[in-house]
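For reference, the structure is listed below as C-alpha cells.
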Amino acid sequence: MNSVPLLVIEVSLDAKITSASVAQWWQRINSLLLDNPNAAIRVDAKDLTYIDTTGIAFLYDLQNRQRPTHAEIIIENLAPNLAALIPTSKQQTVVENEQKSESKSLITTIGKATQSQIAYVSTMYLFLKECAMAMKETLLGKQKVRWAEVFTIATQAGANAVPIVLLIGFLMGVIMAFEIGLVAQKFGAVLFVADGIGISMFRELGPLMTAIIFAGRTGAAFAAEIGTQKVNEEINALNTFGISPISYLVLPRILASIMVLPLLTILADLVGIFGGALVLLKFNIGFLQFYNELLHSISSWDFIVGLLKATTFGITIAAIGCERGLTTGSGATSVGLSATSAVVTSIVWIVVIDGFFTVLTS
Amino acid sequence: MANVHIPPREQTAPAENALSVEHLKMGYGDRILLEDASFSVKKGEILVILGGSGCGKSSLMKHIIGLYQPMAGDIKIKNQSIVNANKADKAKLQRQLGVMYQSGALFGSLNVLENVRFPLDQFTDIGLKEKNLTASILLDLLEMGYAGSLMPGELSGGMLKRAGIARAMALGADILMLDEPSAGLDPITAANLDQTILRLRDSLGVTFVIVTHELQSIFNIADRAIMLDPHTKSIIAEGRPQSLRDHSEDPHVRQFFNRLSDKEQHKGE
C-alpha cells in the first residue's frame, strides 16, 4: 500500500567525485535524507566518469542506506566500469563510538587498581630477586662485570648531570635560607637557620631532590633505552645467546647508579649549604660563624643517613627504569609509556622509601 | 535502471605522463648516487626501479616524493615540477602521491582503521561515520577488512605493508610509490600483494612506482623496469623485465635478472 513514493527527489552527480568534493556530496545527501524521510531519492550518475576511493565509499553508502521501501535511494545511469568498483559484500565498519564501554563502579576501579599494584609489587620482587642473584654471582666472581659499560653509564648518568644538580641544589639552599631567615630574624634566631639548612640538606632534601632529578633524567633514559632494545628484539637476541639481560643490561646500570647517586647527593648537599651561607651573609652571619654552627648541629650520622638513602634511591630508580624497559610492549608508544611509568613509579617509591628512612632513623 | 552511454575513464589516456624525472643528479654531500638519470612513467603504468643494495633506489624514491632536493635536474608530477615548487604547491603535489614505506610506517598509537583514516581526518571535512566507511572499504580492497581494530604492533609484515598501501590510497592518490612491498613476505602473501597491485591498477587506473629487487614480483607485475648501477651512477637498463632478462646486452643486467652468482656468470661467459 505504501510502496508508491509520495515524493521523488532527483539529484545529478558531477563528472568527478574525489576526496576534494566528496565531503560536500555526503553533507548534501545526508541532509536531504534527514529532511525527507519519506521521499525516494533518484541519483542520476550519467555525468559521472571518475571516482577515487572516497567516491567508491560514497556510492557504496548510497546503495546500502537502510530506508523504507517507498523511500529508497536509486542510482541511475551509473557506468558499469564504475559500478564494478563498488564492493558487493557488506562492510563491517569499525566505529569507535559504538565500542562498548564497560561501566565500572568506584569500588571496582579501586579494587582493580589495588590488584594491579599487588601484581606489580610481586613482579618487582621477582625482578629484584633476580638482580640480587646476579649481583651475588658477580661478587663471588662467577660472572664478569662489564666495567667499561658501568663507567660509560656512570659518566652519562653522573658526570653529565652535575650542572643541573649544582643549579637545583644551590637554588634550594638559597630559597630555604631566605624564607626561614626572614621568619627567624623576627625572633633573633637567624644563626639557627644554619642548623635547619644543614640537617634538612644532609638528611632530607639533598638525597630527595637529587633522586628526583636522577629519576627524571636517568630512570627515563634506562626505560627508553632498554624498551627500544625490547621493541627491536635485541632482548630476545640476548636470551637466544644464553646471556641474561639482567646481568648484561640491568646490573651495569644498577652499579653505575649506586656509584653516582651518592656522589651527586654530596655535591647537592655542599652546594645547597653554600647557597644558604651566601644568603645568611645578608643577615649578618659570616661564613665562619655559619660553619661553626653547622658543625654543632649536624653529626656524621646525618651524613651517613643521607648517603644510605641516596644509595637505596639509586638502586630503586635503576631497577624500576630497567624493569619498565624490559616489560615494554611493542611499538614507539609503548617505549614512551615505559619511560613515563619509570619516572612516576620511581618518584612514588622514592617518597615512600624516604618516609621509611625518616621513621626508622629518627 | 536505464542504460545510457558509458563514458571512458578519464585517466587511462595512454601517452600522458604521470611523472617524469629529467637529468636528475642526486647524492649526499660528496657521495653521488646518480649523475644524469632521466625516465618517465605513463598513467596506469607499473614501473619498477631495481638495482643492487645501496645503489640509491630508495633515495631516488625519496627524491621523487620531494623529501630530498636533487643536486641538479627536475622531477615533474603530472607535468608540475616538485623540485621548483614553493612549499604550498609542493604539499599539494605530495598529496597526489601515495607512499608506502618499507616498514609500512603506520602510526603506533593509532589502530589500523585510524591509520587508514588519518589522511582523511587531516585533509577532508568528511564525517566520522563516512570516513570509517571509506577506510573499511580500502582495507577490504586490500583484504584487511578484519584488521581495522588491531594495533600496528599486532600485525605481521605483510599486513603492515597492505595497511600502509591502504593509507597511501586514502586520499584517492592515483600515483602510488611502494618501497620494497614484497620484501620479507612469504610467497603466498607476496603473490597476493602482486595481485592486489594489478587489481588496483586495472580497476582504479592507479600508476605504480615500485622499488624492489624481488625478481618474481618484478616479472609478475612490472610493465617496465629501470635498473640503477652504483658504478656508472646511471640507469643501465630500461624495458620490459622479460626482455631485459633474455636480450640485454649488458652482462650485469642479465646476471641480475637470471639471479646468477659471479662464478656462474663467468662460467656462462
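To find a chain, count down the sequence lines: A is the first, B the second, and so on, and within it residues start at 1. As the structure is a prediction and not an experimental result, all values here were calculated from the model. Values below: all heavy atoms of this structure, side chains included; hydrogens, waters and symmetry mates excluded.
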If you count the non-hydrogen atoms of other residues, nucleotides and ligands that lie under 6.0 Å from [atom1] in [X], is the total more than 12?
{"X": "A:Y248", "atom1": "OH", "result": "no"}
{"X": "B:E154", "atom1": "CD", "result": "yes"}
{"X": "A:W349", "atom1": "CH2", "result": "no"}

Checklist entry - Where do B:G108 and A:T333 come nearest, in terms of heavy atoms and distance? => result C-OG1, 3.4 Å
Checklist entry - Which heavy-atom pair separates B:I137 from A:A57 by the least distance, and what is that distance? => result CD1-CA, 3.4 Å
Next on the checklist: If you count heavy-atom pairs within less than 4.5 Å of chain B, which of A:D52, A:I56, A:T18, A:I86 leads?
Outcome noted: A:D52
[Y] side chain reached by [X] side chain, heavy atoms, under 4.5 Å:
{"X": "A:T54", "Y": "B:T124", "answer": "no"}
{"X": "B:T134", "Y": "A:V22", "answer": "no"}
{"X": "B:L204", "Y": "A:L85", "answer": "yes"}

Checklist entry - Under a 4.5 Å heavy-atom cut-off, does chain B meet the side chain of A:Q24, its backbone, both or neither? => result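 Looking at A:Q24, nothing touches chain B.
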Checklist entry - Which answer fits B:L120, side chain, backbone, both or neither, if we ask what part of it has an atom under 4.5 Å from a heavy atom of chain A? => result side chain
Checklist entry - Which atoms of B:A170 come close to chain A, meaning under 4.5 Å heavy atom to heavy atom: side chain ones, backbone ones, both, or neither? => result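 Contact with chain A: backbone only.
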Item to check | Test side chain to side chain contact (heavy atoms under 4.5 Å, CB included) applied to A:T53 and B:D174, B:L138, B:V116, the passing residue | outcome: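 Testing A:T53 for a side chain to side chain contact (heavy atoms under 4.5 Å, CB included) against B:D174, B:L138, B:V116 leaves exactly one candidate, B:L138.
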Checklist outcome for this item: Rounding to 0.5 Å, atoms CH2 (A:W25) and CD (B:E130) come to a distance of 15.0 Å
Item to check | Candidate pair A:Q27 and B:D125, rule side chain to side chain donor-acceptor pair (under 3.5 Å), full reasoning | outcome: CA-CA 9 Å; A:Q27 278 162 12; B:D125 297 324; 5.7 Å; no
Checklist outcome for this item: Interface check, chain A: of B:A173, B:G127, B:S109, B:A135, most non-hydrogen pairs under 4.5 Å belong to B:S109
